[in-house]
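A, B, ... follow the sequence lines: proteins, then strands. Residue 1 opens every chain.
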There are 4 protein chains.
Amino acid sequence: MTVRFAVLGAGRIGRVHAGAIASVPGATLVAIAEPMEAAANAAQAEFGCELRTIDAIEAASDIDAVVICTPTDTHADLIERFAKADKAVFCEKPVDLSVARVKEALATVEAEGATLMVGFNRRFDPDFAALKAAIDGGRIGEVEMVTLTSRDPGPPPVSYIKVSGGIFRDMTIHDFDMARWLLGEEVTEVTAQASNLVDPEIGAAGDWDSANVLLRTASGKLCTITNSRRATYGYDQRIEVLGSKGLVSAENRREANIELASGEGFTRPPLLNFFMTRYTAAYAAEIAAFVAAVAEGALTPTTGLDGLRALELAEAAAESVRSGGTVRL
Amino acid sequence: MTVRFAVLGAGRIGRVHAGAIASVPGATLVAIAEPMEAAANAAQAEFGCELRTIDAIEAASDIDAVVICTPTDTHADLIERFAKADKAVFCEKPVDLSVARVKEALATVEAEGATLMVGFNRRFDPDFAALKAAIDGGRIGEVEMVTLTSRDPGPPPVSYIKVSGGIFRDMTIHDFDMARWLLGEEVTEVTAQASNLVDPEIGAAGDWDSANVLLRTASGKLCTITNSRRATYGYDQRIEVLGSKGLVSAENRREANIELASGEGFTRPPLLNFFMTRYTAAYAAEIAAFVAAVAEGALTPTTGLDGLRALELAEAAAESVRSGGTVRL
Amino acid sequence: MTVRFAVLGAGRIGRVHAGAIASVPGATLVAIAEPMEAAANAAQAEFGCELRTIDAIEAASDIDAVVICTPTDTHADLIERFAKADKAVFCEKPVDLSVARVKEALATVEAEGATLMVGFNRRFDPDFAALKAAIDGGRIGEVEMVTLTSRDPGPPPVSYIKVSGGIFRDMTIHDFDMARWLLGEEVTEVTAQASNLVDPEIGAAGDWDSANVLLRTASGKLCTITNSRRATYGYDQRIEVLGSKGLVSAENRREANIELASGEGFTRPPLLNFFMTRYTAAYAAEIAAFVAAVAEGALTPTTGLDGLRALELAEAAAESVRSGGTVRL
Amino acid sequence: MTVRFAVLGAGRIGRVHAGAIASVPGATLVAIAEPMEAAANAAQAEFGCELRTIDAIEAASDIDAVVICTPTDTHADLIERFAKADKAVFCEKPVDLSVARVKEALATVEAEGATLMVGFNRRFDPDFAALKAAIDGGRIGEVEMVTLTSRDPGPPPVSYIKVSGGIFRDMTIHDFDMARWLLGEEVTEVTAQASNLVDPEIGAAGDWDSANVLLRTASGKLCTITNSRRATYGYDQRIEVLGSKGLVSAENRREANIELASGEGFTRPPLLNFFMTRYTAAYAAEIAAFVAAVAEGALTPTTGLDGLRALELAEAAAESVRSGGTVRL
């Protein structure tokens with residue numbers, strides 16, 4: 001079976017997913033929906049697919065699955081519409097900025113018996129997947145402490161910050177999902193500290209640009225998350241997991257694997273600097289996993305519940321910073 | 001302009017090039033020629049192209065370029081035929097195992113004013129290209145000493161060894177090309193040592209499985225090449241270039257960028273173990289460079305002369321082992 | 001001027017300091033005080049010095065400085081006695097397990113105008129000192145986020161745990177000192193999580209064996225500390241400091257700088273496994289710095305205040321775990 | 001038994017050995033012989049030993065062993081004198097620049113039944129010793145190919161070059177010894193290339209500053225040696241050994257184990273830049289091994305024969321460059 005796709009939204013991430021669909025055997029891109037004419041035409045030219053409205057896609061019999069890459073505030077509505085329209089749904093994170101609205105949308109998904117996968121692309125990165133496989137293979141014994149480092153090369157525009165839901169819901173949300181995935185248990189205690197060290201305008205917009213978070217599970221497993229909106233040396237994405245028998249870690253990736261040595265020292269190039277180049281393979285593997293699940297009628301590797309849990313941790317972290325106390329879930 | 005391709009030979013390397021053509025904008029794969037029915041059908045299914053005979057491709061008006069991936073002993077003939085048929089020619093290394101036959105074929109190419117690129121894929125590897133760019137950008141000053149390490153994960157079948165032309169023409173030939181490319185000068189002195197340390201049957205077949213080569217240019221620049229047909233830890237492909245101002249080196253690539261630590265130590269995974277996975281990006285970049293040159297009517301980045309020079313160095317190395325002396329070119 | 005030393009206590013750390021004194025120009029070891037006869041005789045044989053009682057050392061005119069390596073509960077008393085006896089005092093951390101008692105002892109030191117250096121050996125490690133020099137030299141701009149990883153190879157005996165003051169006062173105290181040193185500001189907010197993951201007997205003894213701590217300064221600089229009483233791969237001691245212009249990090253040290261590659265991967269040896277071998281150079285540099293300060297009548301690089309501040313942070317961390325809230329200082 | 005030492009020559013390397021003797025248990029430095037008054041007084045002050053003439057040391061009954069650190073052209077004479085005087089002899093490499101003279105001196109040593117150790121310090125470097133132990137422990141199977149990289153930070157004065165015996169006898173001689181040690185067999189074929197790329201005055205003095213050497217043993221094991229008199233990035237000393245089951249390598253050492261990351265990349269400090277700091281531990285271990293052998297009446301780990309074989313390889317390499325052919329031994 002070939003899974004026939006429509007992509008909703010032809011912005012940056014929409015084009016990433018359209019490209020991933022084109023590269024995955026067993027998937028075909030039928031249509032893109034994009035209200036901006038220039039972006040729509042560019043996407044059509046790049047991917048050689050049709051342009052349709054969202055309404056047309058909803059009604060289409062030649063579409064099996066949709067990938068939702070529209071603005072965040074439309075995600076929940078679209079999930080509900082396409083769950084009812086009997087399409088498999090892949091939705092970019094977050095499902096919504098409000099926990100209540102997420103729960104509502106998930107209830108609809110469940111009532112319809114629909115398929116919903118939430119886009120936590122990092123789980124599909126080959127390095128992180130190899131790290132997880134080492135854990136699952138018993139190579140480090142029991143997981144005890146997870147250390148996540150995520151730093152962006154530079155902050156987004158303040159206009160984006162204002163609609164992003166804040167650093168915890170926009171950026172740390174990926175780390176919350178990784179933490180749950182790696183800890184193998186739900187988090188029960190969240191405590192966080194945050195500051196404005198990069199750009200005072202981010203603070204003026206009511207958000208933080210630098211944050212550390214501690215997580216703890218019911219059985220006592222621990223996790224630290226370190227985030228910054230600025231890392232001059234590139235897109236810093238590292239994981240360490242300590243277990244009873246050892247440690248497994250995943251290092252960053254750089255464009256070229258070379259080193260220059262001189263009187264100033266030994267220098268390797270900066271890191272891959274952009275999430276789209278850093279996670280190219282992850283995006284392709286993510287769509288491939290969605291395609292496989294849809295084709296086989298199997299459970300998707302991430303679900304709406306993963307989206308909900310990560311959002312709850314984000315809210316707890318923000319509350320912890322504001323209240324100065326640990327938040328229990 | 002879209003360059004319309006036919007691939008001659010649908011073996012392992014033929015399919016690599018067919019896949020590369022499919023991935024390169026500005027190129028399209030029209031046909032494959034392959035005498036073995038099963039291989040031909042598999043290739044057609046995989047790439048969705050036509051199956052044609054070599055004669056039909058030679059006569060076709062909808063083919064601009066051919067990629068020769070047939071057995072080595074047919075390369076020179078096919079180069080001549082397609083040069084006369086006014087097709088741009090990309091030929092896998094080597095052009096031929098005989099220097100005299102290579103010269104003949106190149107004379108035909110020249111007489112026809114044809115385009116011929118020889119497949120030295122390593123020049124197009126992103127890491128090696130970044131290393132070369134560092135040299136060309138003056139980062140290490142004047143090039144003085146090049147060190148090339150090339151080791152295969154394991155030896156090919158002895159049946160292949162027998163028709164391969166020997167380790168220097170089959171394996172070291174890539175290093176000879178890299179040496180010329182990195183030294184930026186022609187080699188004038190070659191000396192080599194070789195042994196049978198991996199498999200006595202390779203020796204029985206008249207070849208060596210382990211070899212070291214020294215090269216020197218007229219201005220005194222030096223190069224060492226280290227080859228083995230066996231490296232238990234993977235496909236070992238490294239370069240170091242010492243210059244008057246510094247050193248630049250390219251490290252190996254592994255599948256996953258992870259590390260496991262325990263009481264036994266800190267362990268990273270073995271290297272990518274196969275030339276097709278190790279050099280995937282290089283093959284794509286190589287075909288892209290060929291396409292660009294054909295589309296623009298420009299000189300290809302490697303030419304028949306590069307194929308000839310590398311073969312002459314291979315012959316000199318073999319002669320040096322046999323005679324126990326330095327061979328001057 | 002040669003600084004004439006007595007070392008109080010010839011246990012493990014006492015012998016480390018005696019050895020350091022022997023290796024430092026400008027210092028001489030005159031006497032050791034040790035009540036256990038076997039240990040005393042062994043130390044005398046090893047260092048070729050006299051054996052004296054603490055009373056005799058207090059009264060001696062040929063001793064300029066003492067190094068206190070006796071059990072923790074004697075530290076404060078000995079500091080007061082030798083401050084009054086006009087000896088320069090170097091005291092192993094901690095000064096005492098009680099903040100109140102530390103303040104009392106420091107008041108005596110101040111009243112006497114005495115010299116007191118507290119043994120935070122990590123500041124003197126060559127790698128960490130080079131990291132600090134890079135920061136002080138402006139190489140990473142403004143310090144924003146400090147990440148400290150400290151893991152012991154294995155837990156101490158539970159009998160030691162019971163008198164240690166707990167993980168934060170015994171183990172994390174080094175990290176608290178490093179955090180203050182690297183942040184360059186006093187910490188104003190502390191929050192922590194801790195668990196028993198290594199050995200339930202440690203929990204039964206009222207302590208934790210795994211802990212994460214977050215620190216924040218008044219200006220918003222942030223720090224994470226990760227501790228475990230067990231790391232199968234060796235004594236894990238790493239630092240990362242993110243600044244506005246870059247990142248500086250210090251890696252672990254291993255006994256041999258070799259790597260073994262095979263089909264199982266590329267393996268480097270485990271880490272140096274013991275604080276005495278890992279920090280040999282640090283202990284020597286620490287005593288050298290004390291000697292230099294005493295000889296020149298200058299301020300010592302660490303003081304009693306550093307001991308006090310680190311202890312306050314340890315108490316705050318323990319309180320945070322117990323209360324589940326951020327502790328403000 | 002304590003081995004009582006005299007050091008002949010208080011130049012740079014003489015002081016290194018005097019310091020090593022001071023640090024080794026079971027050894028004591030009784031006297032130094034040094035004709036230059038200033039150097040003699042400085043050494044006496046530093047090491048607190050007597051100053052004696054070589055004649056007095058030869059006649060002394062309180063000296064068990066001598067360390068010869070005088071100019072090269074006096075080595076053979078002194079070896080003979082002290083072998084006859086019944087002292088154990090440690091001599092810095094080379095024994096002499098002439099193979100014939102070395103053979104003469106070794107004959108005297110043998111006739112006297114004397115102990116002679118030649119100073120090939122690299123065998124005692126902790127990293128290289130760990131690498132050798134891995135080989136001897138069967139970790140890489142049968143040794144097949146050895147790769148030695150030795151580059152000096154910068155060339156010595158041309159005045160030194162003129163009396164050095166040339167690059168192969170002065171610098172590569174260490175690599176020849178390492179090659180024999182690691183190959184575990186005698187070398188039977190030597191071929192080399194050399195150039196003047198660093199300083200034309202070295203060429204005017206009749207020497208080369210850049211050289212590559214290939215070695216082969218009777219059983220076919222292979223070795224490459226790469227030397228340069230200039231490496232802007234520090235004192236480059238690396239080893240790789242390929243075996244039938246794997247590869248073992250030893251990396252360089254740098255002063256600080258830190259890394260700075262910024263928009264320009266990830267930079268580690270240059271290498272330890274001087275043989276005396278790079279090989280401090282090796283010099284101490286070397287003297288300790290000599291002391292142990294003398295104290296136990298055992299064979300020293302290196303002997304005069306090792307000095308002779310390395311010199312023969314040096315002569316063969318020079319002859320190979322001059323003749324353009326492989327030299328068979």
- prompt: Do the side chain of Arg216(C) and the main chain of Ala194(A) share a donor and acceptor less than 3.5 angstrom apart?
  reply: yes

message: Are there over 12 heavy-atom neighbours, none belonging to Glu201(A), within less than 6.0 Å of that residue's CD?
response: no

- line: Scored by heavy-atom pairs under 4.5 Å with chain C, the best of Gly324(A), Gly325(A), Ser320(A) is Gly324(A)

field: When Leu214(C), Asn212(C), Leu222(C), Ile140(C) are compared by non-hydrogen pairs under 4.5 Å with chain A, the top option
entry: Leu214(C)

task: Would you please say whether a donor-acceptor pair under 3.5 Å links the side chains of Thr224(A) and Thr224(C)?
output: no

message: Let me confirm one number: the OG1-CD distance from Thr217(C) to Gln193(A), rounded to the nearest 0.5 Å.
response: 9.5 Å

field: chain C contact via Glu240(A) - which portion, at a heavy-atom distance below 4.5 Å
entry: side chain

field: Residue pair Lys221(A), Ser195(C): steps toward the side chain to side chain contact (heavy atoms under 4.5 Å, CB included) verdict
entry: CA-CA 7 Å; Lys221(A) 295 175 199 273; Ser195(C) 291; over 6 Å; no

Region of Leu242(A) in contact with chain C, defined by heavy-atom distances below 4.5 Å: side chain

task: Under 4.5 Å heavy-atom distance to chain C, tell me which part of Asp209(A) shows up: side chain, backbone, both or neither.
output: neither

query: At a heavy-atom separation under 4.5 Å, does Val190(A) approach chain C through its side chain, its backbone, both, or neither?
result: backbone

query: Hey, which of Cys223(C), Ser244(C), Ala211(C), Gly246(C) has the most heavy atom pairs under 4.5 Å with chain A?
result: Ser244(C)

query: In terms of heavy-atom pairs under 4.5 Å with chain A, which of Val327(C), Thr326(C), Thr226(C), Asp236(C) leads?
result: Thr326(C)

Residue among Val198(C), Thr232(C), Val213(C) with most heavy-atom pairs under 4.5 Å to chain A: Thr232(C)

task: Please indicate whether Glu142(A) has more than 12 foreign heavy atoms, meaning atoms of other residues, nucleotides or ligands, lying under 6.0 Å from its CD.
output: no

Steps toward side chain to side chain contact (heavy atoms under 4.5 Å, CB included) verdict (Leu247(A), Arg151(C)): CA-CA 11 Å; Leu247(A) 178 82; Arg151(C) 292 171 182 150; 3.5 Å; yes

- prompt: Would you say Glu185(C) has more than 12 foreign heavy atoms packed within less than 6.0 Å of its CD?
  reply: yes

- prompt: Looking at CG of Asn227(A) and CE of Met145(C), how far apart are the two atoms once the value is rounded to the nearest 0.5 Å?
  reply: 7.0 Å

- prompt: Which region of Ser219(A), side chain (C-beta onward) or backbone (N, CA, C, O), has a non-hydrogen atom less than 4.5 Å from a non-hydrogen atom of chain C, or is it both or neither?
  reply: backbone

- prompt: Taking everything shown except Arg139(C) itself, do over 12 heavy atoms lie less than 6.0 Å from its CZ?
  reply: no

